[in-house]
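These notes are about the structure you will find just below.
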Amino acid sequence: MRALNRGPLLSAGVLLGVGLGGFFDGILLHQILQWHNMLSSHLPPDDLVSAKVNMFWDGLFHAFTWMMTLAGVMMLFRAGRRPDVPWSSRNLTGAMLGGWGLFNLVEGVIDHQLLGLHHVNPGRYQFEWDMGFLIFGALLMIAGWLIARGGRRERTVRGAIRGEPLGAH
Amino acid sequence: MRGVAVTVFVMSLLASPAALACTTCRPAVQAGIFDEHFWGRLALTVLPFLVILLVVAVLYRVRPRTLPGEEPLG
C-alpha cells in the first residue's frame, strides 16, 4: 500500500484559512465595528486625512489577504489533480481552521504585541482584548489540528473519485 | 522590468477617479501615505504574511510519517 502525502492539501487549506481569517478580521473589526485600522496606534484616525491614510494601509492588508486566498485556491486545484494526495474534507476543514488560528496568532503577536501597530479594541481593556484574540487563535489551531488528525487515514484521492463510473455513489 | 510594471500598476490604481473622491484633502492624504515612513510601514504590513508563507512552505515540504503497512514516499 503506497503512502499518501497530505502536505499539498493541508498547505492549501492553511492558506485559505489565513486568507478568509484575514478577511474576517478586516471586514468585522476594521470596517463594520471600526475598532481599529492597520496603523491606528501610530496614526490615530481622528480626522479625515488620518482616516484615509489608515484606509490605504487597510487596503494593502486586504490585498495581501486576497493574494493568500488566491494562492490557496490554486494550490487546492493542483492538489486535486495529484494521484498521491488524499481528497479529504477533514484534512481541508482542519487546515482551514488551523490557518485562521495561525493568522490570529502571527498577526496578534507581531502587530499587536511586538510592533504595537494597532490593538483589537483600544482603550481600557485593550490588553484583555488582545489576549482574547490570541487565545481564540490558539483554540482554532487546536480544533483544526484535532479535525485534521482524524483525516490521517483517509486514502481516497480525487482522481479515484473522478475515475469511478457515474452512479457509483 | 517587472518591478517597473508593478509600480506603474499600483500608481495607476492610486490615481484612479475613485481615489479622488476627497478632492480637497487628496494632496494631504498622498503626503501622509508616501512620507518617509512608507517603506517601513509596507514592510511591517507584509511581515506577518511572510511568516505565514514560511510556515506553509514547511508544511508543504514536510515528509509525512508512513502508517503501518504503507510504503514510504519515493
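Every chain is numbered from 1 and lettered A, B, ... according to where its sequence line falls, protein lines coming before strand lines. Small disclaimer: the values here were computed from a predicted structure and weren't measured. Just so you know, these numbers use all the heavy atoms, side chains as well, and skip hydrogens, waters and symmetry mates.
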* If every non-hydrogen atom of A:Val49 is compared with every non-hydrogen atom of B:Cys25, which pair is closest and at what distance? -> CG2-CB, 3.9 Å
* **Side chain / backbone / both / neither for A:Leu9 at chain B, heavy atoms under 4.5 Å** => neither
* Determine, using the 4.5 Å side-chain heavy-atom cutoff (strictly less than), whether A:Leu114 and A:Leu39 are members of one ILVMFWY cluster. => yes
* To do: Name the region of A:Ser50, side chain, backbone, both or neither, that has any atom closer than 4.5 Å to a heavy atom of chain B.
  => neither
* Is chain A contacted by the side chain of B:Leu42, its backbone, both, or neither, given a heavy-atom distance below 4.5 Å? -> both
* Asked: Counting only heavy atoms not in B:Phe38, do more than 12 sit closer than 6.0 Å to its CZ atom?
  -> yes
* **Minimum heavy-atom distance between B:Leu47 and A:Ile110, given as atom pair plus value** => CD2-CG2, 3.8 Å
* **Distance in Å, A:Arg6 CZ paired with B:Tyr60 OH, rounded so as to fall on 0.5 Å steps** => 15.5 Å
* **CA sep, side-chain torsions, deciding dist, call: A:Val14, B:Val55, side chain to side chain contact (heavy atoms under 4.5 Å, CB included)** => CA-CA 9 Å; A:Val14 167; B:Val55 173; 5.7 Å; no
* Would you give the length of the straight line joining atom CG of B:Leu44 to atom CZ of A:Phe61, rounded to the nearest 0.5 angstrom? => 14.0 Å
* **hydrophobic_cluster_shared for A:Ile135 and A:Leu97, side chain cutoff 4.5 Å** => no
* Proximity breakdown for A:Met75 and chain B, heavy-atom pairs closer than 4.5 Å -> side chain
* If you round to the nearest 0.5 Å, how far is CZ of B:Arg41 from CE of A:Met38? -> 11.0 Å
* Structure fact -> Cut-off 4.5 Å, heavy atoms of chain B, and the answer for A:Leu10 is both
* **Heavy-atom proximity to chain B below 4.5 Å, by part of A:Asn54** => neither
* Hydrophobic cluster membership, B:Val4 vs B:Trp39, 4.5 Å side-chain cutoff -> no
* Structure fact -> The interface call for B:Val51 against chain A, heavy-atom contacts under 4.5 Å, is side chain
* Could you go step by step and tell me if A:Met68 and B:Leu53 meet the side chain to side chain contact (heavy atoms under 4.5 Å, CB included) rule? -> CA-CA 9 Å; A:Met68 295 287 123; B:Leu53 283 178; 3.8 Å; yes
* **A:Leu146 reachable from A:Phe136 in the ILVMFWY side-chain graph, under 4.5 Å edges** => no
* ILVMFWY network linking A:Leu139 to A:Ile147, side-chain heavy atoms under 4.5 angstrom -> no
* Asked: Roughly how far apart are B:Phe49 CZ and A:Leu15 CG, rounded to 0.5 Å?
  -> 11.0 Å
* By a 4.5 Å heavy-atom criterion (distance strictly below it), what part of B:Val58 contacts chain A: side chain, backbone, both, or neither? -> neither
* To do: Identify the heavy atoms of A:Phe103 and B:Ile52 that sit nearest to each other, and give their distance.
  => CA-CD1, 4.1 Å
